[in-house]
Every structure is written in structure tokens, then in C-alpha cells.
Amino acid sequence: VRPIPGTERTLVPTDPPDARRAAAGPVLAIGAHPDDIELGCGATLALFAAAGVQAHGVVVSGGAVGGDHAARLTEAGDGARVLGLRSVMVLGHHDTRLFDEESAILADVEAAIHRTRPSIVITHSEHDHHQDHVAVHRAVLRAARRIPTVLCFESPSATGAFAPTVYTDVTRGIEQKLTAIGMHRSQLAKPYMTADRIRGLASFRGSQARVGLAESFESVRTLLPGLRA
Ligand SMILES: [Zn+2]
């Protein structure tokens with residue numbers, strides 16, 4: 001368990017008025033593989049970071065099955081830097097075998113929660129065809145049992161049962177998302193990595209949310225921010 005060199009950095013709020021308005025505490029996003037966070041909630045994380053909210057990422061597997069391990073580590077760090085994440089931790093669990101490692105993943109995610117103190121945790125949905133994604137969803141729900149807000153993002157492998165009820169307006173964050181996805185150079189041949197597909201989905205979810213472009217989430221539970229003393 002180690003941070004990628006160069007991704008631990010000081011966050012400089014880019015918009016002080018927004019930073020003062022930001023009611024949410026740190027945000028922690030957890031994906032099974034490098035690029036899952038960018039695809040599922042990259043624009044949302046970029047907007048949180050730009051608003052002065054600490055955003056962190058955890059990647060459960062370095063993704064050795066989907067490509068060269070060292071290259072994918074570099075890509076994970078590059079994607080996180082583009083989004084403005086304060087840190088990204090790449091764990092050493094085994095690509096395609098995460099279902100057998102759920103207890104160990106649970107312990108590592110608990111440690112990440114202890115380190116980053118999030119009030120919002122975002123991870124995979126249970127409605128996903130990829131068994132690694134479902135394993136991470138299950139481990140994170142247990143690890144985040146005391147976190148007030150837990151949301152599940154939409155992966156390209158989401159099933160038809162994915163039914164979002166929470167949306168973020170990412171009209172301003174979509175370019176950063178596309179740039180971050182572009183950092184995953186070893187994965188760019190995959191059809192779901194194209195700007196067309198990503199904009200198309202964001203437009204569809206935006207129409208549901210009555211905004212321009214949106215990322216969408218299933219809610220495990222949502223605490224409305226801004227009312228705490
Ligand atoms: Zn994945």
C-alpha cells in the first residue's frame with residue numbers, strides 16, 4: 001500500500017468563494033482498476049477538487065491483466081493529477097480475482113477511510129457485469145458502514161438494472177474528465193474510452209437531471225450537506 005510518487009501534493013483552492021461554500025468534507029473514490037474512477041466519477045471529483053474539497057482515490061488492483069503493470073501505475077497517477085486529487089493509492093490486489101480477496105480489500109479500504117476521513121465515499125455499483133467491480137462494491141459498503149454518504153458510480157460495464165437517483169452537473173468538468181481518461185494510454189483502444197461515448201452518456205444522464213451534462217449515481221445513503229452545526 002503506497003502512494004504513487006508525485007501524487008501526494010498540496011491542494012490550492014482555485015476558487016476561494018466556492019471553497020467557502022463547500023459543505024462536504026473529503027471525498028474518497030474507490031475503483032477496482034486504473035481508469036474506473038475517471039470513467040465513473042472523474043468530472044465530479046474534478047469539480048469537488050476545484051471547489052476546495054479534498055478528493056482522494058483508491059485503485060484496488062494495479063490492473064496487470066488489462067495491460068503492463070508499470071504503465072498502468074503511471075497512468076493512474078497521471079489521471080489523478082489531472083483531476084486534482086490530493087492522493088491516489090494503488091493497492092496490490094489481483095486483477096480478475098478480487099472476489100476471492102474481499103476481506104483483504106475491506107481491511108485496506110478501512111485503512112484508506114481512516115487516513116482520509118471522508119464524508120462522501122463513491123464506488124462501483126452492484127449492478128455491474130464485471131465481477132471485480134461487484135467485489136469492490138461489496139467490500140466498500142462494509143468498510144464505509146459509518147460514512148454518512150455512500151454513492152455508486154456508473155461504469156461502462158453497468159447492467160440495465162443501474163438506476164441512478166443522484167446526479168452531478170458536470171457541464172464544467174467534462175473536459176477535465178476527458179483529459180484524465182486520455183492519460184490511460186494503454187486502454188484507449190477500448191470503445192468505451194472515446195470522447196463520443198463519454199459525452200453521449202453524460203448528455204443522456206444530463207437530460208434525466210435537467211442539466212446539460214451529468215454524472216449519475218445510485219445512492220446507498222445520502223446525507224444532505226449544509227445543515228450540520
Ligand atoms: Zn474496472
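Just follow the structure's listing: the first ligand is 1, and inside any ligand the first atom is 1. Note that these values count all heavy atoms, side chains included, but never hydrogens, waters or copies made by symmetry. Predicted model only: the values in this text are computed from it and were never measured.
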Shortest non-hydrogen separation from Glu110 to Ala143 and the atoms involved: CG-CB, 3.7 Å
- prompt: Can an N, O or S atom be found in His124 less than 2.8 Å away from the Zn ion (ligand 1)?
  reply: no
query: Can we say Arg97 and Asp100 salt-bridge, meaning some charged N sits less than 4.0 Å from an Asp/Glu carboxylate O?
result: no
message: Taking 2.8 Å as the cut-off, does Asp36 contribute an N, O or S atom near the Zn ion (ligand 1), distance below it?
response: yes
query: How are the rings of His133 and His33 set relative to one another: parallel (under 30°), tilted (30 to 60°) or perpendicular (over 60°)?
result: tilted
- prompt: How about His33: does one of its N, O or S atoms come closer than 2.8 Å to the Zn ion (ligand 1)?
  reply: yes
statement: Looking only at heavy atoms, the pair that brings Glu38 and Ala180 closest together is CG-CB, 3.7 Å
